[in-house]
Amino acid sequence: KQVEAMKRVLESLNLNIVEMVDENATLDGGDVLFTGREFFVGLSRRTNQRGAEILADTFKDYAVSTVPVHDSLHLKSFCSMAGPNLIAIGSSEAAQKALKTMQQMSDHRYDKLTVPDDAAANCIYLNIPSKGHVLLHRAPEEYPESAKVFEKLKDHMLIPIANTELEKVDGSLTCCSVLINKASEL
């Protein structure tokens, strides 16, 4: 089971684990967008209001806002963080509506990077001390017009990733990644 395997890995890294014990609560990682200053939680077929409330109770130092998600699997199906203050967002009506909701709920003004393809808006931003801004994004052979938009990010090290096969089973870049900020113990 995916949850149990992930729990074992997190325990082996000595990380704090909070378990949702409310059987009515659902919370999918693909619906949780952490901007570095606040959380946006997509309310979708995989995440409900109770799951968002438990997240808010767990991270009391951060604002948690909910965003209705329609016509997509989850929130990060059409948006993600592409930099410290930069939201990558798809061009569909549903994506733009969700972005508007996020902007209305936040006290902070984020920059936005609009890409033509919703699926391409799901990217992975890393701030690596020796490399700086690193962005894993969908490959040009998959989403050529969106790749051109990412190529305008001149201060990012861009790493195109082909994801066509995993996409067939709803696997986006963020779904297939767990990022852990933990100092290595060499």
Side-chain angles (χ1 to χ4, degrees), residues 2-3 6 18-127 135-138 143 145-146 149-150 153 156 163 166-167 169-181:
Q2 188 179 19
V3 172
M6 183 55 61
V18 176
E19 292 190 59
M20 292 193 328
V21 292
D22 185 336
E23 58 190 44
N24 296 316
T26 60
L27 185 67
D28 186 298
D31 280 315
V32 179
L33 180 65
F34 181 58
T35 69
R37 61 177 60 234
E38 65 190 309
F39 288 94
F40 292 108
V41 178
L43 298 181
S44 69
R45 285 171 287 170
R46 294 186 174 191
T47 297
N48 64 17
Q49 184 67 39
R50 184 67 190 122
E53 290 166 2
I54 291 172
L55 182 80
D57 289 344
T58 303
F59 295 97
K60 293 184 188 319
D61 293 343
Y62 295 97
V64 175
S65 301
T66 57
V67 182
V69 173
H70 306 289
D71 305 325
S72 290
L73 185 61
H74 46 57
L75 181 64
K76 289 195 278 191
S77 295
F78 54 73
C79 74
S80 60
M81 296 307 293
N85 193 50
L86 182 62
I87 295 177
I89 187 77
S91 296
S92 72
E93 187 178 334
Q96 291 298 310
K97 187 175 179 181
L99 177 65
K100 190 171 187 174
T101 300
M102 291 170 12
Q103 289 170 329
Q104 290 169 344
M105 291 183 162
S106 180
D107 294 333
H108 184 71
R109 290 293 140 240
Y110 295 96
D111 296 325
K112 68 176 180 175
L113 181 72
T114 304
V115 295
D117 308 286
D118 281 9
N122 182 280
C123 56
I124 299 173
Y125 169 75
L126 306 164
N127 185 358
L135 189 68
L136 285 65
H137 66 90
R138 296 297 294 272
Y143 295 106
E145 296 306 311
S146 291
V149 174
F150 287 118
L153 297 173
H156 286 56
N163 196 54
L166 286 170
E167 188 173 52
V169 291
D170 296 327
S172 58
L173 294 181
T174 59
C175 296
C176 301
S177 306
V178 177
L179 305 176
I180 298 172
N181 187 8

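Residues take their numbers from the sequence shown, with the count starting at 1.
A search for side-chain hydrogen bond (donor to acceptor under 3.5 Å, both in side chains) contacts involving His108 returns Arg37, Asn85, not counting sequence neighbours. Residues passing the side-chain hydrogen bond (donor to acceptor under 3.5 Å, both in side chains) test with Thr101, sequence neighbours excluded: none. For Tyr125, the side-chain hydrogen bond (donor to acceptor under 3.5 Å, both in side chains) partners two or more places apart in sequence, or in a different chain, are His133. Legend: residues meeting ring-ring contact (aromatic ring centres under 6.0 Å, His included) with Tyr62, ordered by chain and number and at least two apart, are Phe34, Phe39. For Ser91, the side-chain contact (heavy atoms from CB on, under 4.5 Å) partners two or more places apart in sequence, or in a different chain, are Thr114. For Asp117, the salt bridge (charged side-chain N to carboxylate O under 4.0 Å, His left out) test picks out no residue, with sequence neighbours left out. Applying the side-chain hydrogen bond (donor to acceptor under 3.5 Å, both in side chains) rule to Thr66 yields no partners; only residues at least two apart in sequence or on another chain are considered.
Rounded to the nearest 0.5 angstrom, Phe59 CZ and Ile54 CD1 are separated by 12.5 Å. Expressed to the nearest 0.5 Å, how far OG of Ser106 lies from CD1 of Ile87 amounts to 8.0 Å. Interatomic distance, Lys97 NZ to Phe78 CZ, rounded to the nearest 0.5 Å: 11.0 Å.
Residues Ile89 and Leu113 form no side-chain contact, since every pair of their non-hydrogen atoms from C-beta on lies 4.5 Å or further apart. Side-chain atoms of Gln96 and Lys112, non-hydrogen and from C-beta on, do get closer than 4.5 Å to each other. Residues Cys79 and Leu33 meet the side-chain proximity criterion, which asks for heavy atoms closer than 4.5 Å. Residues Glu38 and Tyr110 are in side-chain contact: their nearest non-hydrogen atoms beyond the backbone lie under 4.5 Å apart. For the pair Val69/Leu43, no side-chain contact is recorded, criterion being any heavy-atom separation below 4.5 Å from C-beta on. Side-chain contact between Val32 and Leu27: present, with at least one pair of heavy atoms (C-beta onward) separated by less than 4.5 Å. Using a 4.5 Å heavy-atom threshold, the side chains of Val67 and Leu75 count as touching. Counting heavy atoms from C-beta outward, Arg45 and Leu73 have side chains that approach closer than 4.5 Å.
When every heavy atom of Asn122 is checked against every heavy atom of Lys76, the shortest pair comes out as ND2-O, 2.7 Å. When all heavy atoms of Gly83 and His156 are compared, the closest pair comes out as CA-NE2, 4.2 Å. The shortest heavy-atom contact between Ala121 and Ala88 is O-CB, 3.6 Å. Residues Ala52 and Val41 come closest through the heavy atom pair CB-CG1, 3.9 Å. Nearest heavy-atom pair, Pro116 versus Val149, reported as atom, atom and distance to 0.1 Å: CD-CG2, 4.0 Å. Tyr143 approaches Ala119 most closely through the heavy-atom pair OH-CB, 3.3 Å.
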Point to revise | Stepwise side chain to side chain contact (heavy atoms under 4.5 Å, CB included) test for Thr35 and Met81 | key: CA-CA 7 Å; Thr35 69; Met81 296 307 293; 3.9 Å; yes
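Side-chain atoms of Ser80 come within 3.5 Å of backbone N or O of Cys123 as a donor-acceptor pair. A donor-acceptor contact shorter than 3.5 Å links the side chain of Ser77 to the backbone of His74.
Within a 6.0 Å sphere centred on CG of Asp107, heavy atoms belonging to other residues, nucleotides or ligands number 12 at most.
Screening residues 18-31 for salt bridge (Lys or Arg N to Asp or Glu O under 4.0 Å), with sequence neighbours left out, gives Lys7-Glu19, Asp22-Arg50, Asp28-Arg46.
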